[in-house]
Amino acid sequence: MKGKELRRSLAVLPIGTVMKLTSLTARQIRYYEAQELITPQRNEGNRRMYSLNDVDRLLEIKDYLDDGVNVAGIKAIYTQQAQAAAAKKAAQKQPLTDEDVRHILQDEILRQGGLNRPNAAHEPHRPL
DNA sequence: GTTCTTACA
DNA sequence: TGTAAGTA
């Protein structure tokens with residue numbers, strides 16, 4: 001099951017195709033890159049080349065934004081996911097350390113909505 | 001024709 | 001964010 005992941009990681013799509021696939025403007029796609037939410041590769045001519053994973057990531061970013069999560073929040077989420085992934089790998093060989101547990105807990109808290117967009121009044125009424 | 005960067009509304 | 005300008 002490794003070839004599939006490899007193919008999804010191949011950067012073969014120009015920004016024009018990604019625009020159609022995500023319904024995002026080139027402006028937005030480049031902006032998210034500037035905010036380090038995505039890091040597409042560049043070809044010989046300095047053109048951005050995206051992978052299927054990048055497309056999924058952009059679609060995900062769009063969803064988070066709709067849910068009121070700001071760029072900093074999304075970035076934090078991905079940072080946490082990366083840490084969680086690293087922790088999981090380490091856990092395969094060694095038992096969980098206190099720090100690993102803390103990261104997993106933080107990940108859960110984040111997913112429930114710790115970082116929301118400052119403006120845009122969302123969530124009309126959520127039970128405490 | 002498409003994409004890139006920079007800059008201004 | 002949209003868009004214009006000048007390139008590659």
Side-chain angles (χ1 to χ4, degrees):
Chain A
M1 281 272 172
K2 190 127 293 183
K4 191 159 79 178
E5 297 169 28
L6 211 159
R7 276 174 304 187
R8 292 185 62 71
S9 296
L10 284 193
V12 295
L13 314 171
I15 198 167
T17 301
V18 177
M19 287 173 68
K20 294 174 182 175
L21 259 33
T22 64
S23 294
L24 288 169
T25 65
R27 184 82 165 87
Q28 294 175 303
I29 297 172
R30 297 189 188 111
Y31 176 69
Y32 300 149
E33 178 186 354
Q35 301 309 303
E36 299 181 272
L37 292 183
I38 52 172
T39 46
Q41 294 184 191
R42 295 292 185 118
N43 63 15
E44 321 72 49
N46 194 39
R47 264 69 211 284
R48 273 169 263 251
M49 295 303 276
Y50 302 81
S51 69
L52 258 29
N53 281 329
D54 290 327
V55 173
D56 285 338
R57 170 96 106 187
L58 286 168
L59 256 18
E60 209 174 286
I61 291 170
K62 221 175 32 160
D63 289 337
Y64 279 130
L65 258 22
D66 286 337
D67 288 337
V69 181
N70 59 204
V71 175
I74 297 172
K75 201 172 162 186
I77 290 172
Y78 288 148
T79 296
Q80 288 296 138
Q81 288 185 349
Q83 295 180 344
K88 187 175 181 180
K89 271 190 177 178
Q92 287 175 143
K93 272 203 158 189
Q94 296 178 307
L96 270 51
T97 65
D98 288 350
E99 187 169 45
D100 290 330
V101 177
R102 281 203 297 281
H103 286 162
I104 293 172
L105 258 34
Q106 282 173 32
D107 189 1
E108 282 308 307
I109 294 172
L110 257 179
R111 281 194 220 184
Q112 290 176 47
L115 293 160
N116 282 356
R117 194 185 269 154
N119 49 335
H122 226 289
E123 306 175 71
H125 51 65
R126 183 168 52 183
L128 298 178

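By convention in this document, chain letters (A, B, ...) are assigned in the order of the sequence lines, proteins followed by strands, and residues within each chain are numbered from 1.
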Residue pair R42(A) / N46(A), side-chain donor-acceptor N/O under 3.5 Å: yes
T17(A) side chain to L13(A) backbone, donor-acceptor under 3.5 Å: no
Test item: D67(A) side-chain N/O and V69(A) main-chain N/O as donor-acceptor pair under 3.5 Å: no
Whole angstrom value for the distance that separates C1' of dT3(B) from CE of M49(A): 11 Å
Cation-pi check, R57(A) onto Y50(A) ring (under 6.0 Å, within 45° of axis): no
Non-hydrogen atoms of Q35(A) and V71(A) that approach each other most closely: CB-CG1, 3.5 Å
Least distance between heavy atoms, P40(A) atom then D54(A) atom: CA-OD2, 4.2 Å
Distances under 3.5 Å between nitrogen or oxygen atoms of protein and nucleotides 7-9 of chain B:
none

For DNA chain C, the dot-bracket pattern of Watson-Crick and G-U pairs whose distances stay under 3.5 Å, | for other-strand partners: ||||||.|
dT3(B) phosphate, OP1 or OP2, under 4.0 Å from R48(A) side-chain N/O: no
side-chain N/O T25(A) vs dT1(C) OP1/OP2, d < 4.0 Å: no
Sugar-phosphate, base or nothing in reach of G45(A), heavy atoms under 4.0 Å: nothing
Within-4.5 Å side-chain heavy-atom neighbours: I15(A) and R30(A): yes
H103(A) side, atom NE2; Q80(A) side, atom CD - distance, nearest 0.5 Å: 6.5 Å
